[in-house]
Structure formats: C-alpha cells, structure tokens
Colleague: 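One structure coming up, written as structure tokens, with questions to follow.
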Amino acid sequence: MFESLSSPKPDAILAQMAPFKDDPRADKMNLGIGVYMDDKGKTIIPGVVKLAEQLLLDSEESKTYVGLAGNLSYNEAMKEIVFADSAPEGRVYGMQAPGGSGALSVLAKLMERMRPNAKIWLSTPTWPNHAALLSTGNIEIGEYPYFDPETCSVDFPAMAAKLRTMGPDDVVILHGCCHNPTGANLTNEQWDEVAEIVKETGLLPFFDIAYQGFGDGLDEDAYSVRKFASTVDEMLVAVSCSKNFGIYRDRVGCAFAMGANAETASIAYANMQNIARGIYSMPPDHGASVVSIIWNDDALKAQWKSELAVMSNRMTSLRTKLADSFREQSGTNKFDFIGVHRGMFSLLGLTPEQVDKIKKDHGIYMISDSRINVAGVQEANIERLVKAVLAVSA
Ligand code: LMR
C-alpha cells in the first residue's frame, strides 16, 4: 500500500536545520528557524525555568493522567498572561494544548464543528505551517492582503477593505503581535478598527499569538487580543509558550474559546476536550507545570519577566544596529524598516536565488522568502551580514 505515497515537500523552515548543522564553516550564521539565541548563538534554558523544573522534580508525586484539559492552574495562568482582566466573566475557557500548533489544530476542528462551510482567511504572507494546521474537512483557505513589499509595512487600507467584504461564514487568522514572517504589525488604532469591522460583519476572529513579550512588552503585545475580548462576542485564540518561556521542545500551548455567553462558551470548552481526546488524548504535563509554578510565585514571575525583557531588548537593539549599519553601508534608508518592525522576524526582500547565494557564498542561512530571525544575529557579525546582503542583492 505504501507505494501509493509520494514524498512530501520539505518543510520550508525545518528543512534548514540539518544542512546548517552539517555546514563546516566556522563563521556560518543561523537566521532560519524562529528560536531565540543569545549573543553567543546559544538557545539557553532560562534560569527561571531551571528553578521551576527543580521545584517540580522535588514536589511531583505521581505521573498519573492529569485530564483532557491539562493543567487547570496553567490554563488559568495563561488566561491572566494573555487576557489580563479583559476576559468577560464566564465567557473565556482555555485548554492546555501541545504547543501553539496543537492549539491551532484543535481550534480549527472546533471551527469545523461550528461552521462546516467556513472559509479561513490567512494574511499574505503568513507562517508557512498555518494552512496545513488549519485546513480540515471542507474548510476552504483564502488570503487577505497584509504586507506591502514596497513599503515593507502593513497595507492596512487593502486589508480593511477585504475584511469588510466578509461575513459570518468567514474566519480571519490574525497574528496577535510580532507578525511571522514579516515583522510588520498593526498599530493599536488599526486593531481598534479591525475589531469594529469584525463586530459589524460577524466574521470570526481567530488569533495566533506565539511571540507575546518579544515585541513591545507583555501587556503591549496583548493589546489586540484584549481589545477584541472587550469588543466582539466570539473569538478563538491559540497561544504558544515556546518562545517567551524558552521551552520549545516541551510543547506548551493553550487553546482559548470566547463565547457570546457562559453557556455557549462552556459547550465550546467541552467540545475542545472531546476533539483533543480524538487526536492526542491529553497534553504533556511537564512544561505546563513549569509555567504554572513560575506564574504562581511572585519571585519567579518577576524573574521570568526580567529574563523575557533581556531577550526582547536584545532583539530591539539588534534591529536598531542592523538598520544603522544598512544605512551606513548602502547609503540609503531602504532597510530602515528593520528598526521599525517588532518580534523575531523581518523579510529582507531578497529573491530565493539571492537567498541561495548568500547561503552558498557566505554561510548565511535564512528562509527562502528571505525571512531572517533577528535573534540569530550576533553583534560582532552585523557588518558581515549587511555586506553579504548588499553583495548578493547588488
Ligand atoms: C518559526 O516560524 O520558525 C517557528 O515558529 C518554528 C516553526 O515551527 O516553524
């Protein structure tokens, strides 16, 4: 039977990991996959995670099943981190999921149960794995305009005009902050406008928020979700703790459903658990327990916030330095957008051939759409990176 299978296309992001590892060049640069690296190029485990893991190890008495919704105290912590006090009483339920990807997948299946003929709209461009995680059943995938490569910013008039044509059978995927892959984000005023459009048209907002705290701050980055929580009746939110807690391989995420009233919200929650049971049954516990320990201890919570700020400040400062170096070495302000963007990523505007060339000639790895992970840049490499980009795009 296996002869009927053909080989799948390699993953646009993960396919880079092995060739980078095997590249013998000492000065190679990994600007591919979205993991945070420090100035030595290391993805360290945050100190606060190590402390919480030790506490967990010392206190854990059993490995028995936890339950379909995972760790309830983690779910409560995530609600506070993402929604703060914006969640309408009794109308928001969170369920632990295996990473942000697991949350996206469960919520897509929930959506299919609610609106089997829905059409999901993704931003152009979006994270390459969105379509695979969200296409389920009869659900169609469409694209709404988002990024303008000329200005390297959001084409908000085009985006808003497209959203206004949608209705209750449409679901719009919104990156809550730190857009992946473009790094270009909506202003708070633009989020206010999108919330109004969603309210008027009845389309269902579905947030993916995987980089909270990597942009302008934990609360600032949650403006979009919190604004929607206080404006619209229903929404879905998929959250990841991979980046802001640095626990990538532990697969820690949360799926939220906000209903128009307490009854429909609790039915959505029951359906989410029922869907999870039919896929992976229950989520892994370790990382979620670590997050819950951190969030429920004032000292650990403060330490987490300060370690998170170190990561985001480093990325913001690298952005400024990169933009300055590009201005200096190119004699133009063409790359100023890097300093304006927020989060891990920016698209440099290179062609796939130029991306191949920079890898071959300079050992610099980025995604074929020219997405760079800013955190992969080391201060000492800025000039070399800028020179290489200008050389291949000349
Ligand atoms: C990325 O965009 O690089 C990350 O979200 C990692 C992944 O799974 O693609």
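Every number for a ligand or one of its atoms is a count from 1 in the order of the listing.
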Colleague: Of all the heavy-atom pairs spanning Val171 and Ala118, show the shortest one and how long it is.
Modeller: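 Closest heavy-atom pair between Val171 and Ala118: CG2-CB, 4.1 Å.
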Colleague: Taking only heavy atoms of Arg371 into account, list the atoms of ligand 1 that are under 4.0 Å away from them.
Modeller: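 It comes down to these atoms of ligand 1: 1 (C), 2 (O), 3 (O).
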Colleague: Under 4.0 Å from any heavy atom of Tyr211, which atoms of ligand 1 are there?
Modeller: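 Listed by number with element, the hits are 2 (O), 4 (C), 5 (O).
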Colleague: Considering only NZ, NE, NH1 and NH2 on the basic side and carboxylate oxygens on the acidic side, decide whether Lys119 and Asp169 come within less than 4.0 Å.
Modeller: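 No, no charged N to carboxylate O under 4.0 Å.
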Colleague: So, is Gly34 polar-close to ligand 1, with some N/O to N/O distance under 3.5 Å?
Modeller: yes
Colleague: At a 4.0 Å threshold, what atoms of ligand 1 neighbour a non-hydrogen atom of Ile33?
Modeller: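 Checking each atom against Ile33, I get 3 (O), 6 (C).
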Colleague: In this structure, are over 12 heavy atoms from other groups packed under 6.0 Å from Lys357 atom NZ?
Modeller: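 Atom NZ in Lys357 is not crowded, with 12 or fewer foreign heavy atoms closer than 6.0 Å.
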Colleague: If the contact criterion is a heavy-atom separation under 4.0 Å, does Asn180 count as touching ligand 1?
Modeller: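 Judged by the 4.0 Å heavy-atom criterion, Asn180 does count as contacting ligand 1.
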Colleague: For ligand 1, indicate whether the residue Lys243 contacts it via side chain, backbone, both or neither (heavy-atom separation under 4.0 Å).
Modeller: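 Only the side chain of Lys243 comes within reach of ligand 1.
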Colleague: Which atoms from ligand 1 have a heavy atom of Ile13 less than 4.0 Å away?
Modeller: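 Selected atoms, number and element: 1 (C), 2 (O), 3 (O), 9 (O).
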Colleague: Just by distance, with hydrogens left out, do Thr126 and His175 show a side-chain donor and acceptor under 3.5 Å apart?
Modeller: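 Thr126 vs His175: donor-acceptor pair found between side chains.
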Colleague: Charged N to carboxylate O below 4.0 Å: is that the case for Asp38 and Arg314?
Modeller: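 The answer is no: the pair does not qualify as a salt bridge.
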Colleague: Against ligand 1, does Met344 come closer than 4.0 Å with any heavy atom?
Modeller: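 No, that is not the case, since the closest heavy atom of the residue is not under 4.0 Å from the ligand.
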Colleague: Would you call Arg226-Asp85 a salt bridge at under 4.0 Å N-O?
Modeller: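 Between Asp85 and Arg226 there is no salt bridge, as every charged N stays at least 4.0 Å from the carboxylate O atoms.
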Colleague: Taking atom CZ of Arg277 as the centre, report whether more than 12 heavy atoms of other residues, nucleotides or ligands fall under 6.0 Å from it.
Modeller: no
Colleague: Among protein heavy atoms, which sits nearest to atom 8 (O) of ligand 1, and what does the distance come to when rounded to 0.1 Å?
Modeller: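 Residue, atom and distance for the closest contact: Trp127 CZ2, 3.6 Å.
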